[in-house]
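The structure presented is a predicted model; accordingly, all values stated were derived computationally and were not measured. Each ligand, and each atom within it, is numbered from 1 in the order the structure gives. Nothing fancy with the numbering, it's 1 onward along the sequence. Note: hydrogens, waters and symmetry copies are ignored here, and every other heavy atom, side chains too, is used.
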Amino acid sequence: MTDLERHERSLVPTDWTYAPAPESTDVVQLRERYGLFVGGEWLAPKSGTYFTTISPRDESPLAQVAQAGPEDVGIAVDAAREAFGTWSKLPASERAKYLFRIARILAERSREFAVLESLNGGKPIKESRDVDLPLAAAHFFYYAGWADKLEYAFPNRRPRPLGVAGQIIPWNFPILMLAWKIAPALACGNTVVLKPAETTPLTALLFCDVLRQAELPPGVVNIVTGAGETGAALVDSPVDKIAFTGSTEVGKAIQRRLAGTGKKLTLELGGKAANIVFDDAALDQAVEGIVNGIYFNQGHVCCAGSRLFLQESIYEPALEKLKERMATLRVGDPLDKNTDVGAINSAAQLERITELVEAGRAEGADIYQPPCRLPEKGYWFAPTVFTNVAQSYRIAQEEIFGPVLSVLTFRTPEEAVEKANNTPYGLSAGVWTDKGSRILWMTQHLRAGVVWANTFNRFDPTSPFGGYKESGFGREGGLHGLEPYLSFE
Ligand code: NDP
């Protein structure tokens, strides 16, 4: 086939060529070394140990970051406990003012945060700029509004703060997860010790500047950096609550450790979402939703639509459109404003994705990857789709947390529900159909905390998010997101 014939056959051009449009990094001023942010000050870790945080786009070192041990975590919890006395007694409208200030400063400095988020985490700048940062600021705005209205949110229940909240967040949405955790905790009158993920600590450390700029009283928010052991030390410390987002395995370990301690716990864990497309769906829109569902943030998304269920009658046209759309995805430098799929977050995550993709091949699935040139340095994985997938394959059961889609088929709504629910997870799902009644029926039968209809990966601070089964418990966002940070009489 000649190029011209191939071009005429395809519904969309497949050879988009864009001039590079790199975002400048000048706006970010990194320090050589970061301590622990405790009691409003930067402290050196007791062990004197620091680790290097890098950029996954080219493996270049960015800064040295303190490794907090149990003693450091203890000091941070003490600082939070001391601050709780005054913070929890402030008039709620005063607490709200601090949250509004933080929201405004985050919005004002959003470019600086977005560039740093992409540098340290590998996500495309257009996502950190247009999704992560606006949403993070929106969470602070939203929960600022609730701070002095808790009595109305929970009438006759006399809501009170819990005390010190220990919060552990992952590397896929570093600043957004920080906002999801800190904003409701502070609105309810708690103080916080937060541990960012080892691979992406820099925006949390930059956030400490925002706290100082907002003149938040010292000790209300403390940031301790380190790896899993630091998280484990926080779990074991005398906090009143642990809020964890991360893998199901670590979530289970935390739940075991906290059993019988009286500490409150919320867990937001993994997922293996079904994105279900019926034959009456608007196919072009559905294809956009499929692409957004799995390739957004390189698939490093707990609610990613990683299992695509196509109704048999549209299997071929849908797959053809999907492959054509995949061929237009631009994979590469996260700091290029044209990039759709950025760098994989770490060497360890790349290894995990590669291992599961190899398992998919070995089990007999067919793999498709559009032609794309991956940069030589850094961590990269091409957008991937597997067809001929059986429900029992690892790629249909396990969370890959990468840009890898498994396609399965169904004939009836009942079969779609049965297959979609055939997973230990229950975080999210998507339904694409023209019929409102079918959407309602599907949402009633899918065991998922969030079900999107004719869209995917939509987030809003007013809307609760969380899972069933091995995807965890407790809700973040909305009115529901306040409850885990309160006790009631
Ligand atoms: P983890 O669950 O290990 O990491 C999440 C957070 O918990 C990080 O801050 C981590 O620290 C910390 N942590 C690790 N071990 C402990 C512990 N024993 N006690 C307390 N805190 C701990 O996820 P990974 O980064 O290892 O990713 C592995 C897999 O987990 C991914 O491939 C993906 O499938 C899934 N995942 C799911 C997420 C979600 O949003 N549902 C988010 C991240 C991962 P540190 O990173 O510094 O080691």
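W432 and N275 share a side-chain donor-acceptor pair at under 3.5 Å.
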Check each N or O atom of ligand 1 against all protein N or O atoms and list the pairs under 3.5 Å, with atom names and distances to 0.1 Å, one per line.
from	atom 1	to	atom 2	distance (Å)
ligand 1	2 (O)	S247	N	2.8
ligand 1	2 (O)	S247	OG	2.6
ligand 1	9 (O)	I169	O	2.8
ligand 1	9 (O)	K195	NZ	3.2
ligand 1	11 (O)	K195	NZ	3.0
ligand 1	19 (N)	A232	N	3.4
ligand 1	25 (O)	W171	NE1	2.6
ligand 1	32 (O)	Q349	OE1	3.1
ligand 1	32 (O)	Q349	NE2	3.2
ligand 1	32 (O)	R352	NE	3.1
ligand 1	34 (O)	E399	OE1	2.9
ligand 1	41 (N)	G246	O	3.3
ligand 1	41 (N)	L269	O	2.8
ligand 1	46 (O)	E198	N	3.4
ligand 1	47 (O)	K195	NZ	2.9
ligand 1	47 (O)	E198	N	2.8
ligand 1	47 (O)	G226	O	3.2
ligand 1	48 (O)	G228	N	3.2

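Among V164, L186, N222, the single residue meeting the side chain to side chain contact (heavy atoms under 4.5 Å, CB included) criterion with V192 is L186.
The aromatic rings of F459 and W452 stand perpendicular to each other, their planes meeting at an angle above 60°, with 30° marking the opposite boundary.
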Contacts under 3.5 angstrom, residues 204-213 side chains, donor-acceptor by atom type, not counting sequence neighbours:
from	atom 1	to	atom 2	distance (Å)
R212	NE	G40	O	3.3
R212	NH2	G40	O	3.0
Q213	OE1	R109	NH1	2.7

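The pair R394-E355 meets the salt-bridge criterion, since a charged nitrogen lies less than 4.0 angstrom from a carboxylate oxygen.
Taking the six-membered ring for Trp and the full ring otherwise, F465 and W180 have centroids separated by under 6.0 Å.
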